[in-house]
Trainee: 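Sharing a structure with you now.
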Amino acid sequence: MRSKYLFIPLLGLILLASSCSVSFNFTGGSVDTSLETLFVDNFSNEAEIVVPYLGILTTEKLQDRFLTQSRLSLTSGNADVALGGAITRYTVLPTAISGQDRAEQNRMTIAIRVNFENNQDANESWEQTFSSYIDFDASLDLSSVEREQIEEILDQITQDIFSKSIGKW
């Protein structure tokens, strides 16, 4: 008789648990489950200083970010979400000057204008400029550290873009 009273609440808990679904991801947000496909247009370089590979690298890093942190699949045609834009700023300027009027640190800054289109919900579409920078020792030869610095900045910018678009922080 006593087991009958335990069985009913236990059955209720099992039914309740099986009817609920919880979705976790490692970005700290939730991706809309109706979104399935992604298109990332090539980012053009409109900055005054043009690094030849910067547009391609930006496009590739955005594709990688969305493919690894969401369940979206890449497409070349109509997509549920589409990203495009341009690099609008690339600068390397001194930030710390020594007593002998020499730069001790340089700051690399990159700004990217992004157009995000959510073709499932137009209210979720937006355009925004994302910017990030990194400081590095001015005694280093720019050509020897430039690629590494650019990649680090793009890692931050692409995370910011992902969070703003479908990461839903």
Side-chain angles (χ1 to χ4, degrees), residues 25-29 31-32 35 37-119 121-169:
N25 66 37
F26 297 105
T27 63
V31 177
D32 184 346
L35 302 176
T37 56
L38 164 74
F39 173 70
V40 180
D41 200 3
N42 290 324
F43 278 70
S44 61
N45 199 332
E46 299 173 0
E48 288 184 30
I49 299 173
V50 174
V51 176
Y53 59 85
L54 188 54
I56 293 167
L57 187 60
T58 299
T59 303
E60 289 173 353
K61 283 201 167 277
L62 275 168
Q63 289 173 341
D64 290 345
R65 175 74 63 182
F66 278 77
L67 293 175
T68 59
Q69 291 190 348
S70 75
R71 57 175 190 66
L72 296 176
S73 59
L74 199 58
T75 185
S76 59
N78 289 337
D80 295 330
V81 294
L83 285 162
I87 294 102
T88 58
R89 182 175 180 202
Y90 173 87
T91 57
V92 179
L93 300 170
T95 59
I97 307 297
S98 71
Q100 294 95 18
D101 291 332
R102 297 186 94 125
E104 288 186 2
Q105 276 200 314
N106 287 331
R107 174 169 290 171
M108 179 184 290
T109 304
I110 298 174
I112 301 172
R113 184 183 67 247
V114 177
N115 182 13
F116 176 79
E117 293 179 36
N118 183 327
N119 295 314
D121 182 358
N123 292 327
E124 295 290 322
S125 298
W126 47 263
E127 184 173 315
Q128 180 177 327
T129 298
F130 295 83
S131 180
S132 189
Y133 65 87
I134 192 166
D135 294 335
F136 61 96
D137 191 327
S139 67
L140 298 172
D141 178 36
L142 178 61
S143 64
S144 67
V145 297
E146 184 177 40
R147 179 84 180 211
E148 181 182 330
Q149 305 302 325
I150 287 172
E151 293 215 20
E152 195 168 327
I153 292 170
L154 289 180
D155 285 343
Q156 178 61 52
I157 291 175
T158 58
Q159 182 60 53
D160 293 345
I161 294 167
F162 179 84
S163 297
K164 165 82 176 179
S165 57
I166 65 172
K168 303 293 184 203
W169 281 92

Trainee: Please tell me whether Thr95 and Arg107 have a donor and an acceptor in their side chains that are separated by less than 3.5 angstrom.
Mentor: no

Trainee: Within the structure provided, determine whether Phe39 and Glu117 are in side-chain contact (heavy-atom separation under 4.5 Å).
Mentor: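 Heavy-atom side-chain distance check fails, nothing below 4.5 Å.
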
Trainee: For the residue pair Ser132 and Ile157, what are the closest heavy atoms and their distance?
Mentor: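 The pair with the smallest heavy-atom distance is CB-CG1, 3.7 Å.
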
Trainee: Pair Leu35, Asn118 - check side chain to side chain contact (heavy atoms under 4.5 Å, CB included), show working.
Mentor: CA-CA 9 Å; Leu35 302 176; Asn118 183 327; 3.8 Å; yes

Trainee: Flag yes if more than 12 heavy atoms outside Ile56 fall under 6.0 Å of its CD1 atom; otherwise flag no.
Mentor: no

Trainee: Does CD in Glu127 sit with more than 12 non-hydrogen atoms of other residues, nucleotides or ligands closer than 6.0 Å?
Mentor: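 Count over threshold, so yes.
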
Trainee: With the side chain counted from C-beta on, respond yes when Leu57 and Val51 share a heavy-atom pair under 4.5 Å apart, and no when they do not.
Mentor: no

Trainee: Answer yes or no: is there a side-chain heavy-atom contact under 4.5 Å between Ile161 and Phe116?
Mentor: no

Trainee: Would you kindly check if the NZ (Lys) or CZ (Arg) of Arg89 is within the cone defined by 45 degrees around the ring axis of Tyr133 and under 6.0 Å from the six-membered ring centre?
Mentor: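 No, Arg89 does not lie over the aromatic ring of Tyr133.
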
Trainee: Specify the closest pair of heavy atoms between Ile110 and Ile112, including all atoms of both residues, with the distance to one decimal.
Mentor: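 Looking at all heavy atoms of both residues, the shortest contact is CG2-CG1, 4.0 Å.
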
Trainee: Looking at side-chain heavy atoms only, is the closest gap between Asn119 and Asn78 below 4.5 Å?
Mentor: no

Trainee: To the nearest 0.5 Å, tell me how far Phe130 CZ sits from Gln156 CD.
Mentor: 11.0 Å

Trainee: To the nearest 0.5 angstrom, please state how far the CD1 atom of Ile87 sits from the OG1 atom of Thr129.
Mentor: 11.5 Å

Trainee: By side chain to side chain contact (heavy atoms under 4.5 Å, CB included), which residues pair with Thr37, not counting sequence neighbours?
Mentor: Ser73, Thr75, Ala79, Asp80

Trainee: Within the structure provided, determine whether Met108 and Val92 are in side-chain contact (heavy-atom separation under 4.5 Å).
Mentor: yes

Trainee: Just by distance, with hydrogens left out, do Ser163 and Gln159 show a side-chain donor and acceptor under 3.5 Å apart?
Mentor: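 Their side chains do contain a donor-acceptor pair, which is all the 3.5 Å distance test asks for.
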
Trainee: Got a sec, which residues hit salt bridge (Lys or Arg N to Asp or Glu O under 4.0 Å) with Glu46, two or more places apart in sequence or on another chain?
Mentor: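 Residues passing salt bridge (Lys or Arg N to Asp or Glu O under 4.0 Å) with Glu46: Arg113.
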
Trainee: To the nearest 0.5 Å, what is the distance between CG on Asp155 and CG on Asp160?
Mentor: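 So the gap between those two atoms works out to 11.0 Å.
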
Trainee: For residues Ile153 and Ile134, report the shortest heavy-atom separation together with the two atoms involved.
Mentor: CD1-CG2, 3.6 Å

Trainee: Of all the heavy-atom pairs spanning Phe162 and Arg65, show the shortest one and how long it is.
Mentor: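 Where Phe162 meets Arg65 most closely, the heavy atoms are CB-CG, 3.8 Å.
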
Trainee: By the definition side-chain contact (heavy atoms from CB on, under 4.5 Å), identify the one residue from Glu148, Gln105, Gln149 that meets it with Phe136.
Mentor: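 For Phe136, the side-chain contact (heavy atoms from CB on, under 4.5 Å) check succeeds only for Gln149.
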
Trainee: Which atom pair, heavy atoms only, marks the closest approach of Trp126 to Asn115?
Mentor: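 Looks like O-OD1, 3.5 Å.
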
Trainee: Out of curiosity, Asn45 CG to Leu54 CG, how far, rounded to the nearest 0.5 Å?
Mentor: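 Interatomic distance, Asn45 CG to Leu54 CG, rounded to 0.5 Å: 5.5 Å.
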
Trainee: Is the shortest heavy-atom distance from the side chain of Phe66 to the side chain of Leu74 under 4.5 Å?
Mentor: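 With C-beta onward as the side chain, the pair stays apart.
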
Trainee: Measuring from Leu38:CG to Ser70:OG, what's the distance to the nearest 0.5 Å?
Mentor: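 Here the interatomic distance stands at 7.0 Å.
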
Trainee: Hey, could you give me the CZ/NZ distance between Phe43 and Lys61, rounded to the nearest 0.5 Å?
Mentor: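 These two atoms lie 14.0 Å from each other.
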
